[in-house]
There are 2 protein chains.
Amino acid sequence: MTVEPGRRERKKAATRQKIAGTALRLFLERGYDAVGIREVAAEADVAVTTLFAHFASKEALVFEQDAEFEQRLVRAATGRAPDEPLVPALRHEIRALVRHCTAESAAPVWQLIDTTPALRQYEESMRLRHAESLAAAIAADPGQGRTTTACRTIARFAIDAFALAREAADPEAAVDEVFRMIEAAWEVSGPSRPA
Amino acid sequence: MTVEPGRRERKKAATRQKIAGTALRLFLERGYDAVGIREVAAEADVAVTTLFAHFASKEALVFEQDAEFEQRLVRAATGRAPDEPLVPALRHEIRALVRHCTAESAAPVWQLIDTTPALRQYEESMRLRHAESLAAAIAADPGQGRTTTACRTIARFAIDAFALAREAADPEAAVDEVFRMIEAAWEVSGPSRPA
DNA sequence: ACCGTAGCACTAACGGTTAGCCTTTCGGAA
DNA sequence: TTCCGAAAGGCTAACCGTTAGTGCTACGGT
């Protein structure tokens, strides 16, 4: 599957990177709204249609790590030791993601996102997508006897934790705070007191 | 303040209603994407610019009750008896809102929303706005000793409850289920054991 | 060596949204 | 009562993201 980085794939990835890199640079230099798609395409030396072949929308240019982010969440739920409880595993991953996003180097990008309504909105719906994937991953785990609603609820709570922590004064502490609440919620949603 | 329903205000409200009504009718008849803004404006007999003076976007045409919805939530948190606990009050209001939205008469509209990506996304960000308002209302309540993060968390949970319940097979039961989790979360976020 | 397909380009257009500018009409102060 | 400022509405023209439609090129597997 992933064993064939043929020239084609490499070129495609290179084009994608070039577009995303150029776009991000321009956006950071002059502001998201002040830079048009046609301009990004020209600067990256590709056609507008090519740009949209790689990214579904202008906003998606900024969230290049979208898929990776989602995978990490899902793996945190599915790929854990059989006896490792779910919630702490989620907390650990969310913690890592928050740390990653609040790092010094990521500051300019997030500042751009936070100050651009279109990007904020896009990120919101992105999170919802991630929450749904996570919910599916949680529900897929056999022998955790929760309802679909409970799984979706916990998934949303976890994503909310990320969003809230990112905006909190002390992100790490905020993750712990929200996860204490999540832990409690998860407890009471437990497999209806197995007889 | 509200004591002057002058002719001006009435005309404005009438125009607004006429636009929203016309839009909704056309959308339901022929589908959201198949009806253009210019067409809605023409059918409502107003200029396109007038339409956008009343509604910030095409999507907003469908969510006319947006503000009312938000007010109900906020009032559920702020306008309750001094000794009435927060979470049950929220549950009651969310229950009512879910019942309202899953009513027979509202079915076509929600079916339209659920099958139109643009509307789904708009509703998501609308909910986030509502959650923020609710969080502010909760935090404003004196003597409930929670952190800002805890208030925002609970607010999001409540909004999530609405969203999840609306999509569940048994909405009312789903509200109760999620609110059992919320109640537990609210407990552990309690005012650090008041001395 | 060959063919199918995927990547990419170009042009044109569509549809939501806004800016600029003008007219009408109401509400309240003089 | 009169008059002015402001708000509502209108028209035109454009901007910008996004999407066909079409065709060319080059890579990858047979």
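Letters A, B, ... mirror the listed sequences (proteins, then strands); counts begin at 1.
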| message | For B:V46, is there any backbone N or O sitting under 3.5 Å from a side-chain donor or acceptor partner on B:T50? | response | no

| query | Atom CG of A:L61 to atom P of D:dG17: distance rounded to whole Å? | reply | 10 Å

| query | Can we say A:R80 and A:D141 salt-bridge, meaning some charged N sits less than 4.0 Å from an Asp/Glu carboxylate O? | reply | yes

| message | With a 4.0 Å cut-off on N to O distance, would you call A:E29 and A:R25 a salt bridge? | response | yes

| Can a cation-pi geometry be assigned to B:K58 and B:Y122, taking NZ or CZ under 6.0 Å from the six-membered ring centre and within 45° of the ring axis? | no

| Just to confirm, is there a sub-4.0 Å distance from OP1 or OP2 of C:dA6 to any side-chain nitrogen or oxygen of A:K12? | no

| Once you build an axis from the first five pairs and another from the last five of the helix from C:dA1-D:dT30 to C:dA30-D:dT1, how far apart in angle are they, to 10 degrees? | 30°

| Strand contacts (DNA chain C) in residues 44-60 of chain B, 4.0 angstrom heavy-atom criterion | B:V48, B:T49, B:F52, B:S57, B:K58

| Is it the case that one hydrophobic cluster holds both B:F157 and A:V87, taking links as side-chain heavy atoms less than 4.5 Å apart, direct or via other members? | yes

| said: Between B:F162 and B:F69 (judged by ring centroids, cut-off 6.0 Å), do the two rings come close enough to count as a pair? | reply: yes

| said: Salt bridge or not between A:E124 and B:R129? Use side-chain N to carboxylate O under 4.0 Å. | reply: no

| B:E9 CD to D:dA7 C1': how many Å, rounded? | 10 Å

| What is the nucleic acid contact for B:V35, judged by heavy atoms within less than 4.0 Å: base, sugar-phosphate only, or nothing? | sugar-phosphate

| task | Name every residue in residues 15-33 of chain B that has at least one heavy atom under 4.0 Å from any atom of DNA chain C, in order of residue number, or write none if there are no such residues. | result | none

| Side chain B:R7 and base C:dG27 donor-acceptor under 3.5 Å | no

| query | Is the phosphate of C:dC26, meaning OP1 or OP2, less than 4.0 Å from a side-chain N or O of B:K11? | reply | yes

| Taking atom C1' of C:dG16 as reference, at what distance in whole Å does atom CD1 of B:I37 sit? | 7 Å

| Electrostatic pair A:R152:A:E132 at N-O distance under 4.0 angstrom | yes

| Got a salt bridge between A:E64 and A:K18, using NZ or NE/NH1/NH2 to carboxylate O under 4.0 Å? | no

| message | Any salt bridge linking A:R91 with A:E183? Criterion: basic side-chain nitrogen under 4.0 Å from a carboxylate oxygen. | response | no

| query | Between B:R146 and B:E187, is there a side-chain N and carboxylate O pair less than 4.0 Å apart? | reply | no

| Expressed in angstrom and rounded to an integer, what is the separation of A:R38 atom CZ from C:dA13 atom C1'? | 11 Å

